[in-house]
Number of protein chains: 2
Amino acid sequence: MSAVSAPEPAYRLDEQVGFVLRQVQQRHTGIFAAAFGDDMTPTQWSALVRLAEAGECSQNHLGRLIATDVATIKGIADRLIRRGLVETRADPADRRRLLLRLTEAGHDAYRTRAATALDVSSETLAPLSKTEQATLLRLLDRLR
Amino acid sequence: MSAVSAPEPAYRLDEQVGFVLRQVQQRHTGIFAAAFGDDMTPTQWSALVRLAEAGECSQNHLGRLIATDVATIKGIADRLIRRGLVETRADPADRRRLLLRLTEAGHDAYRTRAATALDVSSETLAPLSKTEQATLLRLLDRLR
DNA sequence: TGCAGATTGTTAGTACACTAACGATCCGGG
DNA sequence: CCCGGATCGTTAGTGTACTAACAATCTGCA
């Protein structure tokens, strides 16, 4: 036996990206829920924001804007509609399409809670310095 | 009006941790599924690994080891049992407890697929240099 | 000893996320 | 003009993740 350490790398769960990533996300959704309460989830919020930016767009297109597939965006849209934040109309130019847009209540929710959403991001990143926060976001962005 | 820029910070969805985090995780689970196939999820894999390390433990304790609550770990354990990777027995010292341990097939799965799991982590982090990968993991670890 | 409070596992309900399949509609090329 | 392929939205099925409630059991303290 040589004194050189074994070549097979140990599998340490706590050092695997996926495992750590999942826990960071758990912490983030916890912070989000504490700030927003039961009536809004991170995904619903991102749909709301994108709809505020885009003005009006089809259901599937909104899904692409927030990186959810067609089955998932349907559920999200349904819940936002049920809560009166989004309304729909048929696309006059394409009978397959369902156009979505914010209601007045939806616009209000966007305006009044954007500051809270910024706080959630701040609190999530709070354990890091400003420089570290910027580094993390830059690196994560490249893994998207 | 002064010439100083407006104090209200813009809310840019693409720069919020939670939004980026979700997409990185999506990419990771996609890579994992491509490598492992339909019969194993990242969460199931982490339960398997922890059980290989811990030897035998109660269901709730395993949940704490992989950061899932009691309701979630039950579903994960049930599926691992159904697939013959885990078996159970009653704890003779505490009649509330259900002890879990790997079957022979479970040990095999752990041994034969650890290298694949390492590949998944590598591929997830591939867009970054080794130094950047280490930086990212160090920063993420502090946000857990 | 005996009871209060904690822990263990289960179930029901909600939300996100993906695959696969489906009918309706649209569009472009022959 | 028509037909094949693409896109749109819907549904069913599976898995992860959380809350809340519950019965059974255990533990510590009066």
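Every chain is numbered from 1 and lettered A, B, ... according to where its sequence line falls, protein lines coming before strand lines. What you see is a predicted model, and the numbers here were worked out from it, not measured in a lab. Computation of the quantities below employed the complete heavy-atom set of this structure, encompassing side-chain atoms and omitting hydrogens, waters and symmetry-equivalent molecules.
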[X] side chain near [N] phosphate (N/O to OP1/OP2, under 4.0 Å):
{"X": "A:T68", "N": "C:dC16", "answer": "no"}
{"X": "A:R64", "N": "D:dC8", "answer": "yes"}
{"X": "B:K74", "N": "C:dT10", "answer": "yes"}

Write down the distance between [atom1] ([X]) and [atom2] ([N]), rounded to a whole number of angstrom.
{"X": "B:L99", "N": "C:dG9", "atom1": "CG", "atom2": "C1'", "value": "13 Å"}
{"X": "A:Q25", "N": "D:dC18", "atom1": "CD", "atom2": "P", "value": "11 Å"}
{"X": "B:D39", "N": "C:dC18", "atom1": "CG", "atom2": "P", "value": "20 Å"}
{"X": "A:D38", "N": "D:dT19", "atom1": "CG", "atom2": "P", "value": "10 Å"}
{"X": "A:D69", "N": "D:dC8", "atom1": "CG", "atom2": "C1'", "value": "14 Å"}
{"X": "A:I73", "N": "D:dT11", "atom1": "CD1", "atom2": "P", "value": "16 Å"}
{"X": "B:D78", "N": "D:dG15", "atom1": "CG", "atom2": "P", "value": "11 Å"}
{"X": "A:F32", "N": "D:dC18", "atom1": "CZ", "atom2": "C1'", "value": "15 Å"}

Does any donor-acceptor pair link the side chain of B:R96 with the base of C:dT8 at a separation under 3.5 Å?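 Such a pair does not exist between side chain and base.
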In terms of side-chain heavy atoms of [X], which of [options] is nearest?
{"X": "B:T41", "options": "D:dG15, C:dT19, D:dT10", "answer": "D:dG15"}
{"X": "A:T43", "options": "D:dG9, C:dT8, C:dC16", "answer": "C:dC16"}
{"X": "B:R82", "options": "C:dA12, D:dG15, D:dG9", "answer": "D:dG15"}
{"X": "A:Q44", "options": "C:dA15, C:dA20, C:dG9", "answer": "C:dA15"}
{"X": "B:Q26", "options": "C:dC18, C:dC16, D:dT19", "answer": "C:dC18"}
{"X": "B:Q59", "options": "C:dA17, C:dG9, D:dT11", "answer": "C:dG9"}
{"X": "B:R83", "options": "C:dG9, D:dG15, D:dC18", "answer": "D:dG15"}

On DNA chain C, compare the nucleotides closest to A:R79 and A:R95; which residue's is nearer the 5' end?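 The residue mapped nearer the 5' terminus is A:R79.
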What's the separation between atom [atom1] in [X] and atom [atom2] in [Y], rounded to the nearest 0.5 Å?
{"X": "B:D119", "Y": "B:R113", "atom1": "CG", "atom2": "CZ", "result": "12.5 Å"}
{"X": "B:E104", "Y": "B:L85", "atom1": "CD", "atom2": "CG", "result": "11.5 Å"}
{"X": "B:E87", "Y": "B:R101", "atom1": "CD", "atom2": "CZ", "result": "4.5 Å"}

Using a heavy-atom cut-off of under 4.0 Å over every strand shown, decide if [X] touches base, sugar-phosphate, or nothing.
{"X": "A:D94", "value": "sugar-phosphate"}
{"X": "B:T72", "value": "base"}
{"X": "A:T29", "value": "nothing"}
{"X": "A:R27", "value": "nothing"}

How do B:A67 and A:S58 order along DNA chain D: which one's closest nucleotide is nearer the 5' end?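 First, find each residue's nearest nucleotide; the 5'-ward one identifies A:S58.
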Just wondering, are more than 12 heavy atoms of other shown residues or ligands nearer than 6.0 Å to NE2 in A:H61?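 Atom NE2 in A:H61 is not crowded, with 12 or fewer foreign heavy atoms closer than 6.0 Å.
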Looking at B:D39, I want to see if its CG is surrounded by more than 12 non-hydrogen atoms of other residues, nucleotides or ligands under 6.0 Å.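 More than 12 within 6.0 Å, yes.
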Distance-only, no hydrogens or angles: does the A:T29 side chain make a donor-acceptor pair with backbone N or O of A:Q25 under 3.5 Å?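 Yes; at least one donor-acceptor contact below 3.5 Å.
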